[in-house]
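Owing to the predicted nature of the structure, the values given are computational and were not obtained by experimental measurement. Counting convention: from 1, in listed order, for ligands and their atoms alike.
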Amino acid sequence: MKQNLIFPKGFLWGASTAAHQVEGGTKNDWSEWEKSEKRLKHLKKLKLIEKYGEDNFISGMGTGHYARFDDDFRMAKEMGHNATRFSLEWSRIEPEEGKFDEKELQHYVDVVRAARRNGLEPFVTIWHWPIPLWLRDEGGWESKRMLEYFARFTEQLVSAMGNEVKFWITLNEPQVYTAESYLQGKWPPQKKNLFSYLGVYRRLIEAHIKAYRVIKKAHPEAHVGIASHNIHFDASRTNLVGQVLKAVADWWWNFYFLNRISEYEDFIGLNHYFHHRIGSWFNKNDNKLLSDVGWEIHPESMYHVLMDLKRFGKPIYITENGLADSTDAKRPSFIVETLERIHRAIENGADVRGYLHWSLMDNFEWAEGFWPRFGLVEIDYKTLERKMRPSAHLYRDICLHNGVTGTLMEKYENLLK
Ligand code: BGC
């Protein structure tokens, strides 16, 4: 690296989590699904229980973050962060339809305050996938009353913590949730139905708009957006079929939702993980450099997705980006190389204002369970002890220098080989 890559003044640096993945003790549609007969049978059939053990697939105590949030934020502060992203657990706050638990609301007010006390700007995600059991029983996102429920839930949040939250993320990755839960049938409620998929997608658009209005009515100064999961669809210029597939995939997967809500969002939250090489069809990777879960490591993609988002003319916060890497051998250079691409995109006009790595700590990786290690901080699941990985030290220096400098590269030379 020839020059120092210094980021704009006030750039936000941090890491993200989601309630069900770290809190522990959640009781929602996911936790019940984890324990269901159907799920266990499936795991046994694929011999996954043999491979990883039954506990791997049960979110259980998570990382104990529900009780340890204050310590975890202190740790994030020591790690040089000045921002954090977490989600609120709907099933705790509204355990029965229409009955809101004041104690749990207060818990999340305390979480927001703890973040601020530790110098972290909180990005609060309202919904990061699980839903309360009563809502599951009413049909979840397919329930006709869903919009009313979501708006009412948002109202409660705004009245409890609206004065203290600047950044709201209404929904996490509507694209991924609908595809996994309603099209591919892998996640609860395990439907494989095109009409359900499209219906839920539409409902999520409406839910965002409603929640946006609720928040902005009470707090016009709030910044509201979603976390969109954008993929770099990559087709060579000479591959005409590929170019058509790319155009369709970009239109539907990357931009449709954002286009529909463009008048109702103050920023774009970008979650970025994937590079799809398109030949005559989609292909996730070309098996070169892979993370522990088999995803291609391709930092250059970040540049393309950011440049593509410029069209919306909104500030962009990267709300997730990272990789499963239990030995931490690949994470250090992944972080540096990705930040180089973000810096280049900023130089070329992308209004990127923050980077939140996924994840602050190892966590429960949905259907995969605990084995994939996405954390800057390693969790010992027996003791719940936290330990900064080498990449967390590197990232700390990056945060504190507001960028990647030559001196820093020298200091971490051994990690970056
Ligand atoms: C989700 C996270 C998840 C991460 C890694 C994102 O799609 O928002 O909850 O852990 O990807 O798979």
- [ ] Kindly identify the option in Glu368, Glu365, His272, Glu320 whose heavy atom sits closest to atom 8 (O) of ligand 1.
- [x]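 The option holding the nearest heavy atom is Glu320.
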
TODO: Would you mind finding which of Trp295, Tyr273, Tyr177, Trp129 brings a heavy atom closest to atom 4 (C) of ligand 1?
DONE: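 That would be Tyr273.
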
Open item on the list: Below a 4.0 angstrom heavy-atom separation, can you tell me which part of Asn172, side chain or backbone, both or neither, approaches ligand 1?
Closed with: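 Contact part for Asn172 vs ligand 1: side chain (C-beta onward).
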
Open item on the list: Please enumerate all residues that pass side-chain contact (heavy atoms from CB on, under 4.5 Å) together with Ala345, with sequence neighbours excluded.
Closed with: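 Ala345 satisfies side-chain contact (heavy atoms from CB on, under 4.5 Å) with Tyr303, Leu306, Met307, Ala350 once adjacent residues are dropped.
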
Task: side-chain contact (heavy atoms from CB on, under 4.5 Å) involving Asn82 - partner list, sequence neighbours excluded - done: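 Partners of Asn82 under the side-chain contact (heavy atoms from CB on, under 4.5 Å) test: Leu12, Trp13.
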
- [ ] Enumerate the atoms of ligand 1 whose separation from the nearest heavy atom of Gln21 is less than 4.0 angstrom.
- [x]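 Here the atoms of ligand 1 in question are 2 (C), 3 (C), 9 (O), 10 (O).
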
Open item on the list: At less than 4.0 angstrom from any non-hydrogen atom of His128, what atoms of ligand 1 do you find?
Closed with: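 Those atoms are 1 (C), 2 (C), 8 (O), 9 (O).
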
TODO: Tell me, please, whether Tyr66 has Arg92 positioned over its six-membered ring: NZ or CZ under 6.0 Å from the ring centre and within 45 degrees of its axis?
DONE: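 Relative to the ring axis of Tyr66, which defines the angle, Arg92 lies inside both limits.
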
Open item on the list: For the 3.5 Å polar cut-off, considering only N or O atoms, please tell me whether Asn363 and ligand 1 meet it.
Closed with: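 No.
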
Task: Side chain to side chain, Pro122 and Phe86, heavy atoms closer than 4.5 Å - done: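 Counting from C-beta outward, Pro122 and Phe86 do come under 4.5 Å.
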
TODO: Could you find the nearest protein heavy atom to atom 7 (O) of ligand 1 and give me its residue, atom name and distance?
DONE: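 Result for atom 7 (O) of ligand 1: Glu173 OE1, 2.5 Å.
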
Open item on the list: For Ser87 versus Tyr108, what's the shortest heavy-atom pair and its separation?
Closed with: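 For Ser87 and Tyr108, the tightest heavy-atom pair comes out as O-CE2, 4.1 Å.
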
Task: The single option from Glu121, His357, Glu320 passing side-chain hydrogen bond (donor to acceptor under 3.5 Å, both in side chains) against Arg85 - done: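 Between Arg85 and the candidates, side-chain hydrogen bond (donor to acceptor under 3.5 Å, both in side chains) is satisfied uniquely by Glu320.
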
